[in-house]
Enquirer: 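Structure in structure tokens, see below.
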Amino acid sequence: MADKGQIVQRVKGVKDILPVDSPVWQWVEDTARETFEGFSYSEIRIPVFERTDVFSRAIGETSDIVEKEMYTFTDRGGESLTLRPEGTASVVRAYVENKLYNPPGAKKLYYMGPMFRAERPQAGRYRQFHQLGAELFGPENPSADAETIHLLMSIFKNLHLEDLTLRINSLGCPQCRPAFRQKLAEYLDSRREALCDNCQRRIDKNPLRVLDCKAHGCGVIADEAPSVTESLCGECSAHFDRTRTLLAAVGVDGKVDPKLVRGLDYYSRTAFEVSSTALGAQDAVAGGGRYNSLVEQFGGPPTPAIGFAIGLERLISLLGNDGAPLGPELFFIALCPEAEEKVFQLAGALREEGYMVDMSYGGGLKSQLKQADRASAELAVIIGEEEMARSVALVKEMKSGEQFTVAFDELIKWLDKHLLGEE
RNA sequence: GUGAGCGUAGCUCAGUCGGUAGAGCACUGGAUUGUGGUUCCAGUGGUCGCGGGUUCAAGCCCCGUCGCUCACCCCA
């Protein structure tokens, strides 16, 4: 089968997260978890694959994701399964299936993990990428919308990301959206010739998408198009205003953008997106919105919900890589077999004490010290024949070059004092 | 799915008109038989992505192919 000795390459569009990069990932994940906890969220771990219809039902049969970007396969039982292209559909499925709507009230869930979309890779776009998302089920009040957006912005703030743009919009509800859609379609039809080919097709299929088309001509037409904001019904309008008032109260300023339209079919009312000019063409770091009918679509009781997802690769590319991996506190060097046994014993004891300990696996003193240096160790602990004979270790401070002779029995106490300043 | 650019040492890259495969960093050894990180000296390291073609001769030109990157599309 496999060609012996041939290098196997990773699948197109996937990435290895290497040791140099993992500290940043861990920091982001830890910071996000802390922030979620501060907002009383609990983690939910959803499967990486689902029955295909979980996604086609939630995201919309005609969306690009479902039509051409899903990794779908048939399992041994002949069932169609799909690697999750996003998290919301699975969380909703799990919410309904596990009856998390009982006891009644708000349910706050977050998740993080890999997602899969068979797109052509590009800067900020991969076939396996990672999302970190949150879903709030239950409340319909604008306070839920504002809190969710505040949570999202708090995560960025805690990661010290400042230069981000938050745009918000209201897409209306089943009561007022059809009228707007109609009005927009009529306007666009009157300007049909000036639109790009793609948008001409969208006039009937999904006229809202024309609003965020990047083609220059379409942008001009979109600017003059009837605005969603003016077409909102009284309730939607009040909901949107209240959301913005509450956001202002926590110091979050989002730019109202009537042209913001989200790609997934399930959104209603509040929609938002966070982007960065530092990202290139794929400039959205996070996006989300309200989806009030999805739980019902999945067979649950009518339950309004709102959520967002953050793209981790994009977010991390904004952070830069100033996360130098931490070296061990101690690096043991043995110069003879007897010393090696002693090193095993001492290193074991110190690891139990909680010290970060590494050791060499052989070589001369010179080469082993070089290894300690390369590992960025703080202290090198050298034990050879001379030291064995005297029952002492030679402890070298790598940065200064200063050396100390410490009796084996005294080593832990000496280190506590030297490294931690404890008596 | 469409388009463009790029594939040379572990890494970053140079390679003129088609004429012997290069540099810096890294790595190994020595100066120093038990002392790293600085310095000096020496050395190892190549399927020039892969396959074909043109040519006396191809890293360089031509065709194909694979990969990477960026953009369109779409989205996080």
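The chains referred to below are lettered A, B, ... by the order of the sequence lines, with proteins before strands, and numbering in each begins at 1. Here the structure is a predicted model, which means the values were calculated and not measured.
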Enquirer: Could you tell me whether the phosphate oxygens of B:rG36, OP1 or OP2, come under 4.0 Å of any side-chain nitrogen or oxygen in A:Lys366?
Expert: yes
Enquirer: By nearest atom, which of the nucleotides B:rG36, B:rC73, B:rG34 is closest to the A:Arg125 side chain?
Expert: B:rC73
Enquirer: Starting the side chain at C-beta, find the nucleotide from B:rG36, B:rU35, B:rC74 nearest to A:Gln282.
Expert: B:rC74
Enquirer: Determine the interatomic distance between C1' on B:rC13 and the same-named atom on B:rU8; round to the nearest Å.
Expert: 9 Å
Enquirer: Please walk me through it: do A:Glu119 and A:Arg127 pass salt bridge (charged side-chain N to carboxylate O under 4.0 Å, His left out)?
Expert: CA-CA 6 Å; A:Glu119 301 178 279; A:Arg127 290 188 170 183; over 6 Å; no
Enquirer: Please classify the nucleic acid contact of A:Glu69 as base, sugar-phosphate, or nothing, using heavy-atom distances under 4.0 Å.
Expert: sugar-phosphate
Enquirer: Provide, to the nearest angstrom, the distance between the CG atom belonging to A:Leu318 and the P atom belonging to B:rA76.
Expert: 16 Å
Enquirer: When you measure from the side chain of A:Asp373, which nucleotide among B:rC72, B:rG34, B:rG36 comes out closest?
Expert: B:rG36
Enquirer: Please determine, for the side chain of A:Leu394, which listed nucleotide (B:rG34, B:rG67, B:rU69) has the closest atom?
Expert: B:rG34
Enquirer: Categorize A:Glu387 for me: base, sugar-phosphate, or nothing, with a 4.0 angstrom heavy-atom threshold over every strand shown.
Expert: base
Enquirer: Give me the distance, rounded to whole Å, that separates B:rG18 from B:rA23 when you measure between the P atoms they each carry.
Expert: 24 Å
Enquirer: Within this structure, what is the CD-to-C1' distance between A:Gln200 and B:rC73, rounded to whole angstrom?
Expert: 17 Å
Enquirer: What does B:rG19 pair with, Watson-Crick or G-U, if both distances are under 3.5 Å?
Expert: B:rC56
Enquirer: Using whole Å, report how far CZ of A:Arg374 lies from C1' of B:rU35.
Expert: 15 Å
Enquirer: Roughly how many Å is it from CD in A:Glu386 to P in B:rU33, rounded to a whole number?
Expert: 14 Å
Enquirer: Give me the distance, rounded to whole Å, that separates B:rG15 from B:rG24 when you measure between the C1' atoms they each carry.
Expert: 15 Å
Enquirer: Can you tell me the pairing partner of B:rU33 across any strand shown, Watson-Crick or G-U wobble, with both distances under 3.5 angstrom?
Expert: none
Enquirer: Between atom CD in A:Glu397 and atom C1' in B:rU35, what is the gap in whole Å?
Expert: 15 Å
Enquirer: In whole angstroms, how far is the P atom of B:rG37 from the CG atom of A:Leu365?
Expert: 12 Å
Enquirer: Looking at B:rG64, which nucleotide sits across from it as a Watson-Crick or G-U wobble partner, both distances under 3.5 angstrom, or is there none?
Expert: B:rC50
Enquirer: Can you figure out which of B:rG1, B:rC74, B:rC27 approaches the side chain of A:Arg120 most closely?
Expert: B:rG1
Enquirer: Applying a 4.0 Å non-hydrogen cut-off, can you work out what A:Gly364 is touching in the nucleic acid: base, sugar-phosphate, or nothing?
Expert: nothing
Enquirer: Identify whether any heavy atom of A:Ile382 sits under 4.0 Å from a base atom; if not, whether one sits that close to sugar-phosphate; answer base, sugar-phosphate or nothing.
Expert: base
Enquirer: Can you spot which of A:Glu37, A:Glu135, A:Arg33 makes a side-chain hydrogen bond (donor to acceptor under 3.5 Å, both in side chains) with A:Tyr110?
Expert: A:Arg33
Enquirer: Suppose you measure atom C1' in B:rG67 against the same atom in B:rG49; what distance do you get, rounded to whole Å?
Expert: 7 Å
Enquirer: Atom CZ of A:Arg117 and atom C1' of B:rG1: how far apart are they, to the nearest Å?
Expert: 17 Å
Enquirer: Nearest to the A:Gln122 side chain among B:rA76, B:rG36, B:rA71, which nucleotide is it?
Expert: B:rA71
Enquirer: Starting at the 5' end of RNA chain B and moving along, which residue's nearest nucleotide shows up first, A:Glu385 or A:Ser367?
Expert: A:Ser367
Enquirer: What's the OH-P distance between A:Tyr111 and B:rA76, to the nearest Å?
Expert: 9 Å
Enquirer: Strictly by Watson-Crick or wobble contacts shorter than 3.5 Å, is anything paired with B:rC70, and which nucleotide is it?
Expert: B:rG3
Enquirer: Between the side chains of A:Arg191 and A:Glu224, is the shortest nitrogen-to-carboxylate-oxygen separation below 4.0 Å, so that they form an ion pair?
Expert: yes
Enquirer: Under the 6.0 Å and 45° cation-pi test, does A:Arg244 pair with A:Phe240?
Expert: yes
Enquirer: Which is more 5' along RNA chain B, the nucleotide nearest A:Ile310 or the one nearest A:Lys396? Just name the residue.
Expert: A:Lys396
Enquirer: Could you give the distance separating B:rU69 and B:rC63 at their P atoms, to the nearest angstrom?
Expert: 25 Å
Enquirer: Under 4.0 Å, counting only non-hydrogen atoms across every strand here, what does A:Ala372 touch: a base, just sugar-phosphate, or nothing?
Expert: nothing
Enquirer: Does A:Phe49 CZ have over 12 foreign heavy atoms under 6.0 Å away?
Expert: no
Enquirer: Taking only the C1' atom of each, what is the distance from B:rU55 to B:rU44 in whole angstrom?
Expert: 35 Å
Enquirer: Taking the inter-plane angle between the rings of A:Tyr267 and A:Tyr291 on a 0 to 90° scale, is it parallel (under 30°), tilted (30 to 60°) or perpendicular (over 60°)?
Expert: perpendicular
Enquirer: Both distances below 3.5 Å, Watson-Crick or wobble geometry, any strand: find the nucleotide opposite B:rC27.
Expert: B:rG43
Enquirer: For A:Gly401, report the nucleic acid contact type (base, sugar-phosphate, nothing); a contact means any heavy atom under 4.0 Å.
Expert: base
Enquirer: Using the P atom as the point on both nucleotides, what is the distance between B:rU35 and B:rC25, in whole Å?
Expert: 26 Å
Enquirer: Does A:Lys12 have a side-chain nitrogen or oxygen under 4.0 Å from the phosphate oxygens OP1 or OP2 of B:rC68?
Expert: yes
Enquirer: Check A:Phe39, A:Phe156, A:Phe272, A:Phe308 against A:His150 for a ring-ring contact (aromatic ring centres under 6.0 Å, His included) and give me the one that passes.
Expert: A:Phe39
Enquirer: If you count heavy atoms of other groups shown closer than 6.0 angstrom to CZ of A:Phe344, is the number above 12?
Expert: no
Enquirer: Determine the Euclidean distance between corresponding P atoms of B:rG34 and B:rA21; express it in Å to zero decimal places.
Expert: 43 Å
Enquirer: Is any N or O donor-acceptor pair between the side chain of A:Glu119 and the base of B:rG1 shorter than 3.5 Å?
Expert: no
